[in-house]
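Below: the structure, in structure tokens.
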Amino acid sequence: MDYTVYGLAVETLAGAVPMRRIPVRPDQLRSLCSAVHEAGGFIHALWASDVRDTTGGFLLRVALQDDVGLVVIELLLPAATPHFPSIADIFPAADRMQRAAYDLLGVRAEAADRRSWVRHAAWPDDCFPLRHDYDATRPHADADERYPFVRVTGDGVHEIAVGPVHAGTIEPAHFRFSVVGEKVLRIEERLGYTHKGIEKRFETLPALQAHKLAARVSGDSAVAFSWAYCMALEMICGISPPVRAIWLRALYLERERIANHLGDLGALGNDAGFSIALAQFSRLKEDLLRINQAAFGARYLMDVVVPGGVARDLDETHRQILLETIPGIESELNTLREIYDDHAGLQDRFSGTGRVAPALARQLGLVGLAGRASGQTWDWRCDPVYAPYDALNVRIAGSLDGDVAGRVSVRFQETFESLRLSRIILENLPRTECGAALPDVPAGGFGVGLVEGWRGPVLVALETGDGGRIRRCHPHDPSWQNWPVVEHATIGNIVPDFPLINKSFNLSYSGQDL
Amino acid sequence: MLRTLRQVIKVGVVSERAARPAGERPKESGLRAQIHQRFGRALGIRHVDAGSCNGCELEIHAVNNPYYNLEGFGIKFVASPRHADLLLVTGPVSRHMESALKRVYDATPDPKWVIAVGDCGCTGGIFGSGYAIRGSVADIIPVDLTVPGCPPPPAAILSGIVSVVTTDRR
């Protein structure tokens with residue numbers, strides 16, 4: 001899109017992911033968002049920063065995806081009345097992000113849902129943890145825990161309250177079902193239970209060490225977050241890692257994708273009563289993790305992506321082992337896919353369950369693998385391409401079905417594709433260094449990293465302060481955008497299908513609670 | 001159906017004795033007998049995520065995979081704390097999960113054990129002691145054993161479960 005026709009100043013920032021930065025006035029925010037939405041764009045993230053000590057007031061940022069790439073809109077809000085016009089009617093996914101921005105920084109979206117989102121009882125509603133003058137030692141009574149869920153009334157309507165502790169080994173959240181008999185009329189999510197103050201924690205860490213914290217925003221997306229974090233930091237430092245390091249990062253990312261898809265494909269079969277699938281897929285996943293341990297020194301690749309490159313090089317022996325094991329996984333996966341496709345009982349549970357039609361997906365801004373399963377043909381590895389994916393020609397997965405079956409199909413497609421990409425990476429791994437020295441981290445820097453993780457686009461926005469420290473860091477998981485869509489996907493289904501629907505998205509709780 | 005059976009037969013039984021915990025290394029049947037003697041039934045485990053990044057959950061899932069085969073010991077995961085003998089707690093305890101964790105602990109019948117799994121559960125870990133964190137698991141409820149690691153590998157989790165059951169004489 002050409003933003004100069006709106007009379008806006010556009011600054012292009014160079015980095016692994018080129019980004020355009022556009023400062024706007026309050027009256028321009030909504031019209032610009034509408035223009036991007038009408039042109040087929042969607043929202044990545046919305047967050048704010050306390051800049052009262054530098055430029056004055058609070059800085060609201062909205063990261064959008066348009067036809068060219070990443071755009072970050074900036075709106076400076078006055079310190080006394082940090083209010084801004086809500087964009088939740090344009091991008092529904094912005095609603096919870098706006099509420100979290102209020103909970104953490106006291107910046108208020110006008111004419112919007114005012115219920116707290118990430119704040120439960122941990123701090124009162126008149127203080128804001130991400131403000132620089134927040135006093136964590138100030139004693140306060142635990143705030144009111146009651147949350148005003150939307151009530152559904154009518155003959156025979158009753159509520160089922162589930163969580164925060166669930167029956168399985170999963171993360172905590174509360175789900176409030178309003179049902180008639182078995183049929184779900186409405187489900188409302190309440191998250192925030194695993195809120196750990198990660199963004200505040202970043203501000204206590206040196207920028208050159210915080211990739212470890214980034215990797216633990218959502219443990220299942222460690223590579224995606226640590227890579228996005230390093231991208232943002234490398235953008236600020238004006239350096240680019242050696243080619244081999246970038247290729248190795250992509251190898252880690254694809255193996256993270258394969259591991260998660262294998263785990264979820266097995267769990268989906270299990271949730272539909274086909275426990276053999278769980279045994280088979282979890283065996284394949286364990287094989288993969290053990291090779292990770294041997295080749296990279298870790299089963300889950302928490303600390304392998306480091307600023308400037310990767311933590312250790314891949315030796316020739318393990319490069320060969322990684323290559324040799326790919327055909328075996330492909331062959332097993334083919335067999336399991338045939339078993340899934342042929343299993344009438346399984347298909348009966350998957351087909352038509354938890355459907356999100358493409359038009360609804362577009363309206364709500366569904367992203368990542370769930371978006372691709374609902375006809376949203378966007379994958380950050382394909383469009384626009386960044387290194388090394390520009391050399392790999394990623395084939396985008398997709399389905400128009402938008403149901404559990406569609407998401408299962410996309411996971412199979414993407415696992416096969418990641419195996420193909422892994423083979424190309426391993427066969428063509430450039431022979432360069434795998435790490436670069438970083439200069440002193442400049443103060444006052446702003447950088448953004450964006451990586452297509454297994455779940456969807458993972459964004460990290462970073463601001464640096466004096467002495468190589470972090471002034472502000474916002475790690476953003478695509479679960480923010482996709483959680484509200486799970487509510488829509490569940491409407492009209494029966495209660496026992498909710499675990500299956502939920503698992504087909506498998507969203508992160510920790511990644512959105514922060 | 002035939003394809004499924006063929007796959008099951010082709011793969012066969014992959015459970016590993018080698019992955020069993022070192023040291024005491026109880027025989028599978030011996031441990032099962034011990035658990036049965038004490039409880040008169042299988043040992044029930046309830047997992048509670050008290051604020052984890054979900055890394056530990058992935059490795060807790062793994063102890064149920066065919067290689068580690070936790071159920072082969074006569075140990076199973078249960079859906080309610082009221083059915084549990086052992087709590088596996090992960091994460092630094094967030095302020096928002098503190099009361100839920102206490103309630104789960106109170107709902108678990110005696111005798112019960114608690115294992116804190118992962119660096120965060122053991123010490124608070126990388127997330128430090130911010131405004132939203134209460135501390136390690138032991139800061140909130142009594143803990144019998146800690147299994148450090150980020151995340152701890154399944155063999156370590158398995159070893160922790162086995163040692164708490166075999167060494168405690170309560």
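Letters A, B, ... are given to chains in the order of the sequence lines, protein chains preceding strands, and every chain is numbered from 1.
In terms of heavy-atom pairs under 4.5 angstrom with chain B, the leader among Gly168(A), Gly263(A), Ser221(A), Gly163(A) is Gly168(A). Ranking Pro164(A), Gly197(A), Pro129(A) against chain B, the residue ahead of the rest is Pro129(A), based on heavy-atom pairs under 4.5 Å. In terms of heavy-atom pairs under 4.5 Å with chain A, the best-connected choice from Lys10(B), Glu59(B), Glu57(B) is Glu59(B). Between chain B and the residues Asn260(A), Thr169(A), Ile339(A), Thr194(A), the most heavy-atom pairs under 4.5 angstrom are made by Thr169(A).
A donor-acceptor pair is defined here as one N or O able to donate and one able to accept, closer than 3.5 Å; such a pair exists between the side chain of Asn54(B) and the backbone of Gly219(A). Panel note: side chain His120(A), backbone His96(B); no donor-acceptor pair is recorded below 3.5 Å. Side-chain atoms of Arg201(A) never come within 3.5 Å of backbone atoms of Ser129(B) as a donor-acceptor pair (strictly under, hydrogens ignored).
Proximity to chain B involves both the backbone and the side chain of Glu171(A), based on heavy atoms less than 4.5 angstrom apart. Both the backbone and the side chain of Asp220(A) come within contact range of chain B, each with at least one heavy atom under 4.5 Å from a heavy atom of that chain. Residue Val93(B): no heavy atom, backbone or side chain, is found under 4.5 Å from chain A. Only the side chain of Ile60(B) comes within contact range of chain A, judged by heavy atoms closer than 4.5 Å. Of the two parts of Thr4(B), the backbone and the side chain both hold a non-hydrogen atom closer than 4.5 Å to a non-hydrogen atom of chain A. Heavy atoms of Leu213(A) lying under 4.5 Å from chain B belong to its backbone as well as its side chain. With a 4.5 angstrom heavy-atom cutoff, Phe77(B) touches chain A only via side-chain atoms. Only the side chain of Ile133(B) comes within less than 4.5 Å of a heavy atom in chain A; its backbone stays farther off. Contact annotation for Tyr509(A): neither backbone nor side-chain heavy atoms come within less than 4.5 Å of a heavy atom of chain B. Within the 4.5 angstrom heavy-atom criterion, only side-chain atoms of Val104(B), from C-beta onward, approach chain A. Proximity to chain B is limited to the side chain of Phe274(A), based on heavy atoms less than 4.5 angstrom apart.
Contact detail for Pro66(B) and Ala279(A): the closest heavy-atom pair is CG-O, 3.3 Å. Closest approach of His166(A) and Arg46(B) over heavy atoms only: O-NH1, 2.6 Å. The nearest pair of heavy atoms linking Ser52(B) to Lys196(A) is O-NZ, 3.3 Å.
Evaluation of the ring pair (Phe, Tyr, Trp, His ring centres under 6.0 Å) rule for Tyr300(A) yields no partner, not counting sequence neighbours.
Contacts from residues 116-125 of chain B to chain A, taken as heavy-atom pairs separated by less than 4.5 Å, involve no residues at all.
Between atom OH of residue Tyr131(B) and atom SG of residue Cys127(A) there is a gap of 10.0 Å, rounded to the nearest 0.5 Å. Here the straight-line distance linking atom SG of Cys150(B) with atom CG of Asp303(A) works out to 7.0 Å at 0.5 Å rounding.
Side-chain contact between Gln7(B) and Glu332(A) is present, with heavy atoms from C-beta onward closer than 4.5 Å.
By the 6.0 Å contact criterion, CZ on Arg3(B) is enclosed, its count of non-hydrogen atoms from other residues, nucleotides or ligands being greater than 12.
Under the 4.0 Å criterion applied to side-chain N and carboxylate O atoms, Glu338(A) and Arg6(B) are not assigned as salt-bridge partners.
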(request) Would you sort out whether Trp123(A) and Arg95(B) count as a side-chain contact (heavy atoms from CB on, under 4.5 Å), showing the intermediate values? (result) CA-CA 9 Å; Trp123(A) 67 99; Arg95(B) 291 187 64 141; over 6 Å; no

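When each of Lys285(A), Glu286(A), Arg283(A) is checked for a side-chain contact (heavy atoms from CB on, under 4.5 Å) with Asn65(B), only Glu286(A) meets the rule.
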